[in-house]
Asks: 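Following this message is one structure expressed as structure tokens.
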Amino acid sequence: MPNTSPFSLSGKTALVAGASRGIGLAIARETAAAGAHVILAARSTEKLQMEVDAIKALGYSAEAMSLDVADNASIDAAAAKLPPIDILHNVAGTNVRKRFTDFTQEEYDRIMQTNLHGIVRLTRLVGKKMVERGQGGKIINIGSLMSIQGLPYLAVYAMTKSALWGLTRVLAAEWAKHNIQVNCIAPGFIITDLNRKMWEPAHMKEWLKGAQADPRAGTPEDVAPLAVFLSSPGSGYINGQCIAVDGGYSTTRVWPFEP
Ligand code: NAP
């Protein structure tokens with residue numbers, strides 16, 4: 001009997017760009033568990049294969065694909081090999097934190113290419129086929145709190161993540177008539193390899209306690225369920241949104257007042 005649950009991804013094929021660890025890996029695991037065939041793509045192919053084997057050992061369906069979003073030839077080669085894609089999770093990203101005036105041209109170009117230009121190229125190639133195929137689809141862009149607000153020393157990263165949020169809104173408008181929903185997730189402070197060292201000092205964790213209602217830092221597993229929902233039939237009327245998964249950071253504060 002076909003699975004008609006609004007949360008089921010049964011029969012769908014998903015590409016997770018940036019799936020070797022962190023948020024992308026959590027999304028890949030949960031997407032497979034929801035019933036999709038998942039293509040885990042990134043540069044670390046051995047790690048990807050290990051993760052694919054682990055997913056398959058649980059009885060789910062997955063494969064690995066080499067993809068470097070900082071390399072146009074790699075993006076084109078991966079896109080040419082892809083089967084028809086129903087769900088595209090754009091997760092690959094990198095960051096350098098420093099004063100705006102200290103960024104080198106090399107750092108600027110690398111962050112721009114990885115977080116923005118490469119993702120744009122991949123989305124163009126995958127999205128074109130999604131439109132031509134005429135069976136709808138889902139695109140989930142992993143933005144950031146820096147898509148919607150500013151913190152010091154994150155200028156180039158914030159430029160890329162703000163642009164992804166802009167792209168999300170326009171593609172949502174442009175492709176709605178093809179039944180393709182395009183949404184953005186803005187993860188808050190999620191401990192991964194990207195920022196583990198930055199969160200080590202006690203004063204960083206202390207700061208978080210006053211900055212958001214839920215004082216803990218998040219995990220990739222906090223983000224993945226929303227990504228799965230946004231790729232499921234149940235989210236068919238959610239389009240062009242940026243949804244924060246941030247323990248309330250973007251909307252709440254705590255204060256010392258007690259009634
Ligand atoms: P992570 O653990 O460092 O994972 C980054 C992922 O991106 C890895 O799978 C990596 O795979 C892939 N990647 C990096 N450069 C790539 C390239 N050139 N080509 C293909 N894949 C590439 O970091 P994360 O925290 O999970 O970050 C995932 C996404 O969430 C990023 O876009 C990040 O900006 C965003 N985000 C994270 C946080 C947070 O607090 N952690 C908050 C907001 C947004 P390979 O190295 O194997 O290629």
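First listed ligand is number 1; within each ligand, the first listed atom is number 1. Note that the structure is predicted; figures quoted are calculated from it, not measured.
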Asks: Would one find an N or O of Ser144, backbone or side chain, under 3.5 Å from an N or O of ligand 1?
Replies: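 By distance alone, the answer is no.
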Asks: Any atom of ligand 1 sitting under 4.0 Å from a heavy atom of Lys47?
Replies: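 No, that is not the case, since the closest heavy atom of the residue is not under 4.0 Å from the ligand.
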Asks: Within 45 degrees of the ring normal and closer than 6.0 Å to the centroid, is that where the cationic atom of Arg169 sits relative to Trp165?
Replies: yes
Asks: Can a side-chain donor-acceptor contact be found between Asn115 and Gln113 if the only test is distance below 3.5 angstrom?
Replies: no
Asks: If the threshold is 4.0 Å, N to carboxylate O, is there a salt bridge linking Asp102 and Arg97?
Replies: no
Asks: Give me the residue, atom name and distance of the protein heavy atom closest to atom 15 (N) of ligand 1.
Replies: Arg43 NH2, 3.2 Å
Asks: Going by the closest heavy atom to atom 8 (C) of ligand 1, which one wins out of Gly143, Ala244, Ser20?
Replies: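 Closest candidate by heavy-atom distance is Ser20.
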Asks: Under the rule for side-chain contact (heavy atoms from CB on, under 4.5 Å), what residues qualify as partners of Glu206, not counting sequence neighbours?
Replies: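 Glu206 satisfies side-chain contact (heavy atoms from CB on, under 4.5 Å) with Lys209 only.
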Asks: Measuring from atom 39 (C) of ligand 1, which candidate in Ile190, Leu145, Val245 has the nearest non-hydrogen atom?
Replies: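 When every heavy atom of Ile190, Leu145, Val245 is considered, Ile190 comes closest to atom 39 (C) of ligand 1.
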Asks: Between Asp193 and Arg196, does any side-chain N to carboxylate O distance fall below 4.0 Å?
Replies: yes
Asks: Considering only heavy atoms, does Asn195 approach ligand 1 within less than 4.0 Å through its side chain, its backbone, both, or neither?
Replies: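 For Asn195, the contact with ligand 1 is made by the side chain alone.
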Asks: Can you tell me which residue and heavy atom of the protein come closest to atom 30 (O) of ligand 1, and the distance to 0.1 Å?
Replies: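 Residue, atom and distance for the closest contact: Ile142 CG2, 3.4 Å.
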Asks: Considering Ala92, Ala19, Ala70, which one's heavy-atom position lies nearest to atom 22 (C) of ligand 1?
Replies: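 The residue whose heavy atom sits nearest atom 22 (C) of ligand 1 is Ala92.
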Asks: Applying a heavy-atom cut-off of 4.0 Å, say which part of Thr114 lies close to ligand 1: side chain, backbone, both or neither.
Replies: side chain
Asks: Looking at ligand 1, does Ala217 have a heavy atom less than 4.0 Å from it?
Replies: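 Not so, Ala217 does not reach ligand 1.
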Asks: Which residue supplies the protein heavy atom nearest to atom 20 (C) of ligand 1, what is that atom called, and how far is it?
Replies: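 Going atom by atom, the protein heavy atom closest to atom 20 (C) of ligand 1 ends up being Leu67 O, 3.2 Å.
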Asks: Specify side chain, backbone, both or neither for Thr192, according to which of its non-hydrogen atoms lie closer than 4.0 Å to ligand 1.
Replies: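 Thr192 to ligand 1: side-chain contact only, backbone stays beyond 4.0 Å.
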Asks: Using heavy atoms and a 4.0 Å limit, tell me yes or no: is Thr94 in contact with ligand 1?
Replies: no
Asks: Which residue holds the protein heavy atom closest to atom 6 (C) of ligand 1, what is that atom called, and what is the gap in Å?
Replies: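 Protein heavy atom at minimum distance: Gly18 O, 4.0 Å.
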Asks: How far is atom 27 (O) of ligand 1 from the closest protein heavy atom, and which atom is that?
Replies: Leu194 CD2, 3.9 Å
Asks: Going by heavy-atom distance to atom 36 (N) of ligand 1, choose the closest among Phe189, Trp199, Tyr157.
Replies: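 Of the listed residues, Tyr157 has the closest heavy atom.
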Asks: Give every residue pair that meets the side chain to side chain donor-acceptor pair (under 3.5 Å) criterion with at least one member in residues 230-242, sequence neighbours excluded.
Replies: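 Output for this query lists Lys138-Ser235.
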Asks: With the threshold set at 4.0 Å, does a side-chain nitrogen-carboxylate oxygen contact exist between Lys47 and Glu51?
Replies: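 Salt bridge: yes.
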Asks: Could you identify the single nearest non-hydrogen protein atom to atom 5 (C) of ligand 1 and state the distance to 0.1 Å?
Replies: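 Residue, atom and distance for the closest contact: Gly93 O, 3.9 Å.
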Asks: Check this for me, if you would: do Arg121 and Asp76 make a salt bridge, where the nitrogen-to-carboxylate-oxygen distance has to be below 4.0 angstrom?
Replies: yes
Asks: Does Gly188 come within less than 4.0 angstrom of ligand 1, counting non-hydrogen atoms of the residue?
Replies: yes
Asks: Answer yes or no: does atom NZ of Lys129 have more than 12 heavy-atom neighbours from other residues, nucleotides or ligands under 6.0 Å?
Replies: yes
Asks: Given Asn95, Asp68, Ile111, which one has a non-hydrogen atom that is nearest to atom 18 (N) of ligand 1?
Replies: Asp68
Asks: Quick check on side chain to side chain contact (heavy atoms under 4.5 Å, CB included): which of Ile142, Leu25, Ile119, Ile185 does Val91 satisfy it with?
Replies: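 It is Ile142; the other options fail the test.
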Asks: Once the angle between the rings of Phe229 and Phe7 is folded into 0 to 90°, is it parallel (under 30°), tilted (30 to 60°) or perpendicular (over 60°)?
Replies: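 Ring orientation, 0 to 90° scale: tilted.
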Asks: Quick check on contacts: which atoms of ligand 1 are under 4.0 angstrom from a heavy atom of Ser44?
Replies: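 Ligand 1 atoms under the 4.0 Å threshold to Ser44: 45 (P), 46 (O), 47 (O).
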Asks: Assess whether a salt bridge exists between Asp222 and Arg216, defined as any Lys/Arg side-chain N lying under 4.0 Å from an Asp/Glu carboxylate O.
Replies: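 Counted as a salt bridge, because a side-chain N and a carboxylate O are separated by less than 4.0 Å.
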Asks: Return the option from Ile23, Ile27, Val91 holding the heavy atom at the smallest distance from atom 29 (C) of ligand 1.
Replies: Val91
